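Naming convention: chains lettered A, B, ... in sequence-line order (proteins, then strands); numbering from 1 in each chain. Bear in mind that the values here come from a model prediction, so they are computed numbers and not experimental data.
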Protein chains: 2
Amino acid sequence: MIDQRLQMLRMVAHHGTVTAAAEALRYTPSAVSQQLKQLSRELGVVLLEPEGRQVRLTSAARSLLRHADTLFAEWERARAELARHVDEPSGALTMCGFSTAAAALLPPAVAGLRDRFPRVRVETIEAEPSECYELVFAGRADLAVVLLTPTTPSLSDPRFDQRRLFDEPLDLLVHPEHRLAEHATVSLAETAEEAWIVARPGTTYHQLTMASCASAGFTPNVAHYANEWETGTALVAHGFGVALVSRLARWSGQHSVVRIPLRGDPIPARRILAVTRAGAGTSPTLDHALGMIGATAEELIGAMADQRG
Amino acid sequence: MIDQRLQMLRMVAHHGTVTAAAEALRYTPSAVSQQLKQLSRELGVVLLEPEGRQVRLTSAARSLLRHADTLFAEWERARAELARHVDEPSGALTMCGFSTAAAALLPPAVAGLRDRFPRVRVETIEAEPSECYELVFAGRADLAVVLLTPTTPSLSDPRFDQRRLFDEPLDLLVHPEHRLAEHATVSLAETAEEAWIVARPGTTYHQLTMASCASAGFTPNVAHYANEWETGTALVAHGFGVALVSRLARWSGQHSVVRIPLRGDPIPARRILAVTRAGAGTSPTLDHALGMIGATAEELIGAMADQRG
DNA sequence: GAAAACCATGTAGGAACGCTGAATGATTGA
DNA sequence: TCAATCATTCAGCGTTCCTACATGGTTTTC
């Protein structure tokens with residue numbers, strides 16, 4: 001509804017190269033290049049300038065993008081309002097989320113949506129938070145459940161509406177005979193000298209562990225890298241170190257480990273966000289999905305409180 | 001930039017029929033009908049319903065139109081801001097206005113624009129106020145100088161930005177030997193018994209005369225209909241009646257008539273407006289055009305004050 | 001009350017638009 | 001220096017979208 005070429009320009013701005021933008025939009029670089037050239041001609045302003053083997057956006061392009069964000073958000077609002085005019089919503093709704101969220105929050109939402117809107121095809125995609133933003137931005141997903149990290153887009157990014165769902169506390173995972181194993185709670189600072197098991201660099205979860213330790217005043221002494229909960233738990237169970245796990249994380253239970261809630265002010269936690277395209281939030285199906293996810297989140301918070309007490 | 005089909009829908013809403021909308025957009029009715037049908041399919045809502053031999057907009061369509069107005073206005077703002085990023089504006093700027101305005105206000109603006117922006121092709125169209133709104137709405141003109149009348153779109157119409165330029169006082173035109181000819185000013189109520197020369201019904205000027213007399217408490221006794229100032233003046237000069245002329249109206253001067261300023265509270269006047277598409281006002285060329293017209297208007301107001309004194 | 005005018009919509013054909021794929025040139029990193 | 005990455009151009013082709021004409025229904029007119 002809004003000229004495709006504006007979305008192309010947004011993608012180029014976001015990815016930095018024509019090629020990556022084309023890939024995100026499932027076009028060839030050739031198509032994006034031609035379209036943006038023509039857009040530039042039509043508007044009478046230069047939008048892209050060569051910079052090395054890439055392109056750089058001109059100030060005119062950046063000015064245009066600000067308005068483009070407004071336009072796309074307004075169109076999302078229009079779509080959402082139109083969706084209220086149909087008796088029986090149909091079409092597709094795609095949700096995405098990172099592993100824990102995808103496991104804990106999305107399935108109840110899918111069930112609720114199928115129940116309430118039987119004609120809507122509901123799909124989910126498990127993806128890293130950064131990819132989740134991509135999916136929502138590109139329109140291939142309508143809703144994402146992600147973590148707040150320093151690398152995610154700003155909460156005021158005009159392309160997205162982001163709302164806090166809940167804060168998931170973090171626990172320390174130790175061997176049953178570890179010196180801290182009997183503690184009811186533990187502060188992260190007490191673990192500064194421990195051997196650590198963390199996820200591999202580049203993953204969201206690695207960032208989280210490093211950031212948590214950094215805010216507790218130390219850099220973890222990393223002994224092992226493990227991306228899966230299962231692997232990390234096994235390493236802890238063998239006494240190779242301690243690890244950080246989020247409260248909702250689940251694994252097989254084959255390994256004997258102790259989970260100790262962290263204390264602190266604030267309590268170390270990761271913030272869970274629901275992300276939609278700006279303006280899209282008021283469509284009935286998305287509204288319902290957000291409601292279901294929020295309710296599930298509240299339930300989980302309740303369960304977490306029980307555990308803690 | 002905004003999907004053409006939204007403009008088609010806006011035109012159907014404005015004109016009431018697919019055929020008239022198509023004509024305004026220089027399409028065939030078939031094209032408009034097909035496009036709107038496809039739009040309806042894509043959005044999953046019914047937009048048009050048959051009503052007699054015409055169509056009626058559904059509530060979904062009206063909802064969509066509200067957002068469409070916002071979208072188009074935002075795009076105009078984007079275009080205007082982009083125009084600030086080019087060193088030497090080019091392209092075309094079309095202004096339109098009703099006869100007096102076209103004669104008095106537009107030529108200085110054209111001259112000023114040509115001087116300031118030599119590469120911009122400036123064009124003018126003389127048209128009735130209602131047609132002026134059409135031209136601006138359809139994008140075939142960028143600026144219109146019109147009269148405020150009861151039939152023009154509301155000042156808060158989201159499709160337009162309308163600003164007051166000035167109020168043009170009205171004068172009574174009488175034969176040199178008329179009983180009122182020696183008066184310095186005259187109130188419209190004193191002319192209730194006169195024979196009147198008015199423009200033909202359906203014209204803006206007819207409306208103006210009838211409305212002015214109505215607000216003075218009488219219905220004019222119409223003796224002759226004349227659309228051109230020249231003809232009306234000739235009739236007055238032959239003693240066939242009195243007529244209303246606006247202060248800026250000019251004619252050949254062959255006919256011997258007396259022009260008497262009207263008095264009253266407020267002084268009978270017609271309000272001159274500058275109309276642009278919503279959001280378009282900040283482009284450099286349009287900004288300059290508005291400035292020129294405003295300046296010319298102020299000069300004329302000054303000249304009018306001199307005349308009156 | 002029948003005919004004419006008006007209006008929306010459907011179908012078929014043609015023009016224009018927009019995409020793909022391969023080729024080119026330029027830059028960066030190994 | 002060679003390979004990889006990136007933007008851009010050109011030719012070709014499929015899709016989209018408009019026009020022209022025809023149809024069916026409604027309103028107005030004589």
Enumerate the residues from residues 3-17 of chain B whose closest heavy atom to DNA chain C is under 4.0 Å, giving them by residue number; use none for an empty result. B/Thr17

Is a donor from one side chain sitting under 3.5 angstrom from an acceptor on the other, for B/Thr151 and B/Thr149? yes

Residues B/Leu106 and B/Cys96: closest non-hydrogen pair is CD1-C, 3.9 Å

Sorted by chain and residue number, the side chain to side chain donor-acceptor pair (under 3.5 Å) partners of A/Gln38 (sequence neighbours excluded) come out as A/Glu42

Less than 4.5 Å apart, side chain to side chain, heavy atoms only: is that true for B/Val136 and B/Thr276? no

I need a per-nucleotide contact map over nucleotides 24-30 of chain C, read 5' to 3'. Cutoff is protein heavy atoms under 4.0 Å; write B for the base, S for backbone only, - otherwise. ---BB--

What parts of residues 23-35 of chain B reach DNA chain C, counting only heavy atoms under 4.0 Å away? B/Pro29, B/Ser30, B/Ser33, B/Gln34

By ring-ring contact (aromatic ring centres under 6.0 Å, His included) - contacts of B/His288 (at least two apart): B/Phe117

Within residues 82-101 of chain A or reaching into it, pairs that qualify as side-chain hydrogen bond (donor to acceptor under 3.5 Å, both in side chains) - sequence neighbours excluded: A/Thr100-A/Arg270

What are the residues of residues 55-64 of chain A, sorted by number, that bring a heavy atom to within less than 4.0 Å of DNA chain C? none

So B/Glu49, base contact, sugar-phosphate only, or nothing? Heavy-atom distance under 4.0 Å. nothing

Can you find a side-chain donor-acceptor pair between B/Tyr27 and B/Gln34 that sits under 3.5 Å? no

Can you list every ring-ring contact (aromatic ring centres under 6.0 Å, His included) pair that touches residues 42-63 of chain B, not counting sequence neighbours? none

Nearest heavy atoms of A/Leu113 and A/Ala289, plus distance in Å: CD1-CB, 3.7 Å

Considering residues at least two apart in sequence or located in another chain, which fulfil the side-chain contact (heavy atoms from CB on, under 4.5 Å) criterion with A/Thr70? B/Glu74

Hydrogens and angles aside, do A/Thr17 and A/Thr19 bring a side-chain donor and acceptor to less than 3.5 Å of each other? no

Does a side-chain N or O of B/Gln54 approach OP1 or OP2 of C/dC6 to a distance below 4.0 Å, or not? no

Using the rule given for side-chain hydrogen bond (donor to acceptor under 3.5 Å, both in side chains), can you reason through A/Ser30 versus A/Thr28, listing the C-alpha separation, both sets of side-chain angles and the distance that settles it, and then say yes or no? CA-CA 5 Å; A/Ser30 172; A/Thr28 58; 4.6 Å; no

So which atom in B/Ala280 and which in B/Asp161 form the shortest heavy-atom distance, rounded to 0.1 Å? N-OD2, 4.5 Å

When pairs are called at under 3.5 Å and a stem needs at least three consecutive Watson-Crick or G-U pairs, the stems of DNA chain C are C:1-30 with D:1-30

Heavy atoms only: give me the nearest B/Leu39-B/Leu6 pair and the separation to one decimal. CD2-CD2, 4.4 Å

Start and end of the DNA chain D segment that chain A contacts, any atom under 4.0 Å from a heavy atom: D/dA4 to D/dC10

Atom CG of A/Leu39 to atom P of C/dC17: distance rounded to whole Å? 15 Å

Give the minimum heavy-atom separation between B/Ala68 and B/Arg10, together with the two atoms involved. CB-CD, 4.2 Å

Just jot down the ring-ring contact (aromatic ring centres under 6.0 Å, His included) partners of B/His14, sequence neighbours excluded, or say none. B/Phe137

What are the two closest non-hydrogen atoms of B/Arg200 and B/His206, and how far apart are they? O-CB, 3.3 Å

Flag yes if more than 12 heavy atoms outside B/Glu123 fall under 6.0 Å of its CD atom; otherwise flag no. yes

